Amino acid sequence: MARLSNRLSGFAVYGIATGLAAVLTLVQTRVLWNTLSPADFGIWALVDPLLFPLASLVLFGIDHAMVKLLHIDRLKLPAVAGMLLVSTLPATILCLLAIGAIAQFVFHLAWTAALLLAVAGEALILMTLTGLRASGASTHFAAALLARNLLYLVLLLAIRHQQPLTIDLVFLSRGACVIVVSLIALAALRPRPKFDRDVYRDALRYGFPLLLTTFIYALTDMTDRWFLAEFSGVVAVGVYALHLKTAAIMAQAIVVPFGLWFPAERFKRLDDPGQGRLFFRRTAAALSVICAYLSGVVWLGRDIVLPLIAPGVVASPLVLACCLGAVTCLALSHAMNVGMLMPGHTGKNVICTAIAVVAAVLAAAILVPLYGLDGAAVSRLFAGLVLVGATAFWSHRVFPVAFPYVGMLLYFAASSIAAAVIDHTANGRGLLHTTIGLAAWTIITIPLGFLLWNAVRATADTAPVA
């Protein structure tokens, strides 16, 4: 019972921290929307999502291996952190130089130095935060995450008070903030610097396929924006990004903390009876209910939420619904990915993500020129559905788990119909009508969630381990 309480408290800390970080991110977005020109905001919306995959790229994926080195190889955190940070320096510096050369001589960016500082800072804090969560130091993780976002917001406001914000200053501020916070947070890891070629090679073998997965998924995540920029302009990308930021409320509140908590937890659960299959089924069902419910809350309250981020922008029901659906697909792809996180199978993640990229490109190429914002949103949802389907298929081949697929599909279908009916019935967009709609949504979600939970208990799982 004590162990369960500790695990739940850790998940709660992740949830609270990422939820507060999401609020700070939305405030940052509002500041940038009100300060940058529409064209500059659109450019920022194209570049900002690339910082995380670029940070993972300069590390060559070794951050993904920290959980494996701690929980399977049983190495100590100070040794792992010190060896990986020192061993990756030559490759990381070369990769940063390559990114700088491409930005300067291919794209002719006037703010290349600021971009490189932001990427280097994000790489450092990525290693730091991964080490903290891999070791279960959820409180230190939360402190570093919130400090980064709060310091960045304060610096943006301070600069805006003195002079107009530019893209150069935006990325320069972000890089400076994450580097400062990372250096302070590194004290919690207590790294013991040492170059170890064998540990570095092992980390590369495990993490590099996951790096490719992250980078390829970034292509999926950016495909609709690139097509939208080509056919509708960067201003349309900015408006589209505001819908994505609104949908990110659900991502930050649920998907991100789940992604932080689940990788280490899945390794622990393999020692449970049945190798944790009942836990994995229950997790997928619970995540489905939580994602659907929170998506409904954001969607039904869209005319109140979006103006808080960007005053004057009217939310598109279709665009926001597709963005929320895509986030739910991403969450479920994490929950159903049990087998492909095992050593020796991480390369299969690349295949699944590559399939999703192909689906995203084909859908965006067809839909965006015809339907603009709506087409971009539908292509995003389609790519998400392909991703979760491919992930479930390949993971099942490695580690069979009888997820309640039919029950989950019926649950999402019933929830979507219920949300649409509530939205149509409470057709007033004021606070009173929205509150009534949210109350009705909550009441309807409870029995639907119980039906899905019963489907988990009714699902037999007799498949042997592959």
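This is a predicted model, so every value here is computed, not measured.
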Atom CG of Asn337 and atom CG of Leu332: how far apart are they, to the nearest 0.5 Å? 12.0 Å
Backbone N or O of Trp299 within a donor-acceptor pair of the Arg302 side chain at under 3.5 Å? yes
Let me have the donor-acceptor pairs involving side chains of residues 145-152, under 3.5 Å, with sequence neighbours excluded, atom names and distances please.
unit_1: Arg148; atom_1: NH1; unit_2: Glu122; atom_2: OE1; d: 3.3
unit_1: Asn149; atom_1: ND2; unit_2: Leu145; atom_2: O; d: 2.9

So, does Arg30 use its side chain to make a donor-acceptor pair with the main chain of Leu308 at under 3.5 Å? yes
Examine Arg397 relative to Trp394 and say whether NZ or CZ is less than 6.0 Å from the centre of the six-membered ring and inside a 45° cone about the ring axis. yes
Applying side-chain hydrogen bond (donor to acceptor under 3.5 Å, both in side chains) as the test, list every pair that has at least one member in residues 79-90; sequence neighbours left out. Thr88-Thr92
What distance separates Leu172 CG from Thr166 OG1, expressed to the nearest 0.5 Å? 9.0 Å
Please verify the inter-ring angle class for Trp44 with Phe41; under 30° counts as parallel, over 60° as perpendicular, anything in between as tilted. tilted
Within the 4.5 Å heavy-atom criterion, are Leu244 and Val327 side-chain neighbours or not? no
Side chain Ser395, main chain Met336, donor-acceptor under 3.5 Å: yes
Would you say the side chain of Thr283 lies within less than 4.5 Å of the side chain of Phe258, judging by non-hydrogen atoms? yes
Would you call the rings of Phe208 and Phe60 parallel, tilted or perpendicular if under 30° counts as parallel and over 60° as perpendicular? parallel
Students often mix this up, so state it plainly: with edges at 30° and 60°, are the rings of Trp111 and Phe171 parallel, tilted or perpendicular? parallel
Nearest 0.5 Å, please: how far is CZ in Phe382 from SG in Cys322? 12.5 Å
Within the supplied structure, the quantity of interest is the number of heavy atoms (other residues, nucleotides, ligands) at a distance under 6.0 Å from Phe412 CZ; does it exceed 12? yes
Can you find a pair of side-chain heavy atoms, one from Met127 and one from Ile62, that are under 4.5 Å apart? yes
Check whether any side-chain N or O of Ser56 sits under 3.5 Å from a backbone N or O of Phe52 as a donor-acceptor pair, and report yes or no. no
For Ile167, is there any backbone N or O sitting under 3.5 Å from a side-chain donor or acceptor partner on Asp40? no
Distance col, row Leu51:CG vs Leu126:CG, nearest 0.5 angstrom, shows 12.0 Å
Sequence neighbours excluded and cut-off under 3.5 Å, please list the side-chain donor-acceptor pairs for residues 99-108, or say none.
unit_1: Gln104; atom_1: OE1; unit_2: Thr112; atom_2: OG1; d: 3.2

Pairwise side-chain contact, Arg380 with Arg225, heavy-atom cut-off 4.5 Å (strictly under): yes
Just checking His140: does its NE2 atom have more than 12 heavy atoms from other residues, nucleotides or ligands closer to it than 6.0 angstrom? no
So CD1 of Ile125 and OG1 of Thr130: to nearest 0.5 Å the spacing works out to 10.0 Å
Any side-chain heavy-atom pair of Arg205 and Asp202 under 4.5 Å: yes
Measuring from Leu57:CG to Cys95:SG, what's the distance to the nearest 0.5 Å? 4.0 Å
